[in-house]
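The sequence lines fix the lettering, A, B, ..., with proteins before strands; numbering per chain opens at 1. Owing to the predicted nature of the structure, the values given are computational and were not obtained by experimental measurement.
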2 protein chains.
Amino acid sequence: MKSLNRPTLERLLLYYHFIDHHLVAEDGSTVSSTRIAKFMDLDDTQVRKDLAAIGLRGRPRVGFVISEVKSRIRNILGFEEDYRAVVVGAGRLGGAIASYSEFRVYGLDIVALFDNHPDKIGRTIGNHVVQPVSQLQTIVKQSKVRLGVITVPAEAAQDVAEKLVQSGIKALWNFSPKNLVVPKTVTVRDEHLSVGLADLLYHLKRSD
Amino acid sequence: MKSLNRPTLERLLLYYHFIDHHLVAEDGSTVSSTRIAKFMDLDDTQVRKDLAAIGLRGRPRVGFVISEVKSRIRNILGFEEDYRAVVVGAGRLGGAIASYSEFRVYGLDIVALFDNHPDKIGRTIGNHVVQPVSQLQTIVKQSKVRLGVITVPAEAAQDVAEKLVQSGIKALWNFSPKNLVVPKTVTVRDEHLSVGLADLLYHLKRSD
DNA sequence: TAGATTGTTAATCGATTAACAATC
DNA sequence: TAGATTGTTAATCGATTAACAATC
């Protein structure tokens, strides 16, 4: 199976959400590619191609077994593994992410929340006691943390990224509006909210 | 000028960020498409095409005037207009967005923050006093609010969306993991953090 | 001038859609 | 059986890249 590009990955997740929210997976019940496609406003061939790409086979006149589709997508996207993560930056956004229980569904296990501000250290947010950044490296190594979530202000982001990389972290989820410089072996996902906002404003400007 | 698709829009914003963070716009100084492309890891023709698409002309041997590029992108993306917005849902995420001053740069003016929980109403978050959702329609109409940001839990999202649409709002920025059903005249941008997370986990799973 | 960089046309590439025989 | 739905091949479409003459 060749590696999936981002659009395919995105679509797979959206299929999963559709199935999870709108369909019942019991008793070998099925769903057709046409139905998924219609809900998603996609071509049905697209859906079949995506499902074929992750090794799923449907049956003519019947469609795809819902439970198989669900578990295969979970498996491909890696939801069944356990991913330990730390959140650095205990502001509102960091707090929101650290206490967002929905992410558990995807296998995310946030083991610690860090900040450097004396007012924040020791406070409890969600289930986490905020710890000083000086503890970061120890905890990351100890708990074999693989993912670092960066929710500090832009000016602190690069420094935090370097600390995380030095501790052996392999992936960064970056919420700061800053381009991080890291070794090629580290995967970075930039979550620039401004992209979404710009998109919205562009359409708004033209919709009047 | 034909309307720009999302990738073009995204790239324009990233060019803007690059220029804004790394270059000086004074004295008619210039930047070449090659330089932008290199930083972005793109083809230089791509950059020239994007800039041409928004009416910018460069000069051979010289490049593009930085200040022109900046102001033209701001103009195209609509950053120079004023977009009044309300945030519904005063949890950690809603609070983060309502108090995130960076968005002002894009022309976003958050005029009110709503919640329905008695504990939250009346509290101050950022510069906003949390108001009850019952006030929503009045304030939206009064202040000619055009954008609604939804940061309530999934089960409340559709209801909030409907209230916003009824008040005359034209665009929704949806942070809840819920598919909103709204009239076609309303632009919806879904900010599903799970897409970013899934992408990251997919790569993490395969990087060991 | 020489050469860096543009703007544009043509070629390539990949992703999406259409067509349709196979199947249950 | 008839017909809905699949899987796959071929056609289309659009976006990206290459090539290169024009230009300052």
Side-chain angles (χ1 to χ4, degrees), chain A residues 1-15 18-19 22-23 25 27-70 72-73 76 195 199 202, chain B residues 1-15 18-19 22-23 25 27-70 72-73 76 195 199 202:
Chain A
M1 185 177 68
K2 67 170 188 191
S3 101
L4 304 171
N5 60 22
R6 178 126 90 77
T8 307
L9 227 56
E10 264 187 53
R11 287 195 304 267
L12 285 175
L13 184 67
L14 296 175
Y15 302 161
F18 167 60
I19 290 174
H22 299 269
L23 304 177
D27 292 337
S29 57
T30 57
V31 62
S32 71
S33 56
T34 323
R35 183 147 170 232
I36 298 178
K38 200 161 285 168
F39 182 82
M40 231 73 154
D41 206 28
L42 285 177
D43 192 278
D44 58 307
T45 308
Q46 182 73 271
V47 176
R48 290 200 292 282
K49 286 240 163 108
D50 288 337
L51 296 181
I54 58 171
L56 289 165
R57 310 280 304 177
R59 283 168 61 195
R61 273 217 57 184
V62 176
F64 296 80
V65 176
I66 293 176
S67 59
E68 281 176 15
V69 176
K70 277 189 71 167
R72 184 67 183 138
I73 295 180
I76 283 284
V195 171
D199 185 34
Y202 178 81
Chain B
M1 185 176 67
K2 67 171 191 192
S3 102
L4 305 170
N5 60 22
R6 179 125 89 76
T8 306
L9 226 56
E10 265 187 53
R11 286 195 304 266
L12 285 175
L13 184 66
L14 296 176
Y15 301 161
F18 167 61
I19 289 174
H22 299 269
L23 304 177
D27 292 336
S29 56
T30 56
V31 61
S32 71
S33 56
T34 324
R35 180 144 172 236
I36 298 178
K38 200 160 286 166
F39 183 81
M40 232 73 154
D41 207 27
L42 285 177
D43 192 277
D44 57 307
T45 308
Q46 182 73 272
V47 175
R48 289 200 292 282
K49 286 239 163 109
D50 288 336
L51 296 181
I54 58 171
L56 288 166
R57 311 281 301 179
R59 284 168 62 195
R61 272 217 60 184
V62 176
F64 296 80
V65 175
I66 293 176
S67 60
E68 279 177 16
V69 177
K70 277 189 72 168
R72 183 65 183 142
I73 295 180
I76 282 286
V195 171
D199 185 34
Y202 178 81

inquiry  = Can you tell me which nucleotide in C:dT8, D:dG7, D:dT16 comes closest to the side chain of B:Arg48?
reply    = C:dT8
Approximate separation, where rounding is to 0.5 Å, of A:Ile19 CD1 and A:Lys70 NZ = 8.0 Å
Candidate nucleotides C:dT16, C:dT5, D:dT6, ranked by approach to the side chain of B:Ser32 - the nearest = C:dT5
ask   = When rounded to the nearest 0.5 angstrom, what is the spacing between CZ in A:Phe64 and CZ in A:Arg59?
value = 12.0 Å
task = Look through every strand shown and name the nucleotide pairing with C:dA19 as Watson-Crick or G-U wobble, where both distances are under 3.5 Å.
result = D:dT8
ask   = So, is A:Ser33 near the phosphate of D:dT6, with a side-chain N or O under 4.0 Å from OP1 or OP2?
value = yes
ask   = According to the Watson-Crick and G-U wobble definitions, with both distances under 3.5 Å, which nucleotide is paired to C:dC24?
value = D:dG3
message = In this structure, how many angstroms lie between the C1' atom of D:dG14 and the CG atom of B:Leu4, rounded?
response = 15 Å
message = Could you tell me how far apart A:Leu56 (CG) and D:dT8 (C1') are, to the nearest whole angstrom?
response = 17 Å
task = Scan B:Thr45 against the nucleic acid and name what it touches under 4.0 Å (heavy atoms): base, sugar-phosphate only, or nothing.
result = base
request  = Tell me what B:Asp44 touches on the nucleic acid: a base, only sugar-phosphate, or nothing, going by heavy atoms under 4.0 Å.
outcome  = nothing
key: Value in whole Å for how far the C1' atom of D:dT16 lies from CG of B:Leu42   = 10 Å
message = As a test of reading the structure: which of C:dT17, C:dT16, D:dT5 is closest to the side chain of A:Asp43, going by heavy atoms?
response = C:dT17
ask   = Between B:Gln46 (CD) and D:dA18 (C1'), how many Å, whole number?
value = 13 Å
request  = Whole angstrom is fine here: how far is it from CD in A:Glu68 over to P in D:dT6?
outcome  = 14 Å
ask   = Considering only heavy atoms from C-beta outward, does the side chain of B:Leu4 approach that of B:Ile54 to under 4.5 Å?
value = yes
ask   = Counting any heavy atom closer than 4.0 Å, what does A:Arg35 reach on the DNA or RNA strands: base, sugar-phosphate only, or nothing?
value = nothing
task = For B:Lys49 and for A:Val62, locate the closest nucleotide of DNA chain C by heavy-atom distance; then report the residue assigned to the nucleotide nearer the 5' terminus.
result = B:Lys49
remark   = Rounded to whole Å, the CZ-C1' distance (A:Arg6 to C:dG14) equals 17 Å
note = From CZ of B:Arg57 across to P of C:dT5 the rounded distance in Å is 18 Å
task = Would you kindly compare B:Gly58 and A:Pro7 by the position of their nearest DNA chain C nucleotide and give the one closer to the 5′ end?
result = B:Gly58
request  = Give B:Arg59 one of three labels, base, sugar-phosphate or nothing, depending on what nucleic acid heavy atoms sit under 4.0 Å from its own.
outcome  = sugar-phosphate
inquiry  = Applying the side chain to side chain contact (heavy atoms under 4.5 Å, CB included) criterion to B:Leu56, which one of B:Leu51, B:Ile76, B:Val65, B:Asp50 satisfies it?
reply    = B:Leu51
query = Quick one: A:Asn5 CG to C:dC13 P, roughly how many Å, whole number?
reply = 17 Å
Distance-only criterion, 3.5 Å: show the donor-acceptor pairs between side-chain atoms of residues 30-41 of chain A and protein atoms not counting sequence neighbours.
| residue | atom | partner | partner atom | Å |
| --- | --- | --- | --- | --- |
| A:Thr30 | OG1 | A:Val62 | O | 3.3 |
| A:Ser32 | OG | A:Arg35 | N | 3.1 |
| A:Ser33 | OG | A:Arg48 | NH1 | 3.0 |

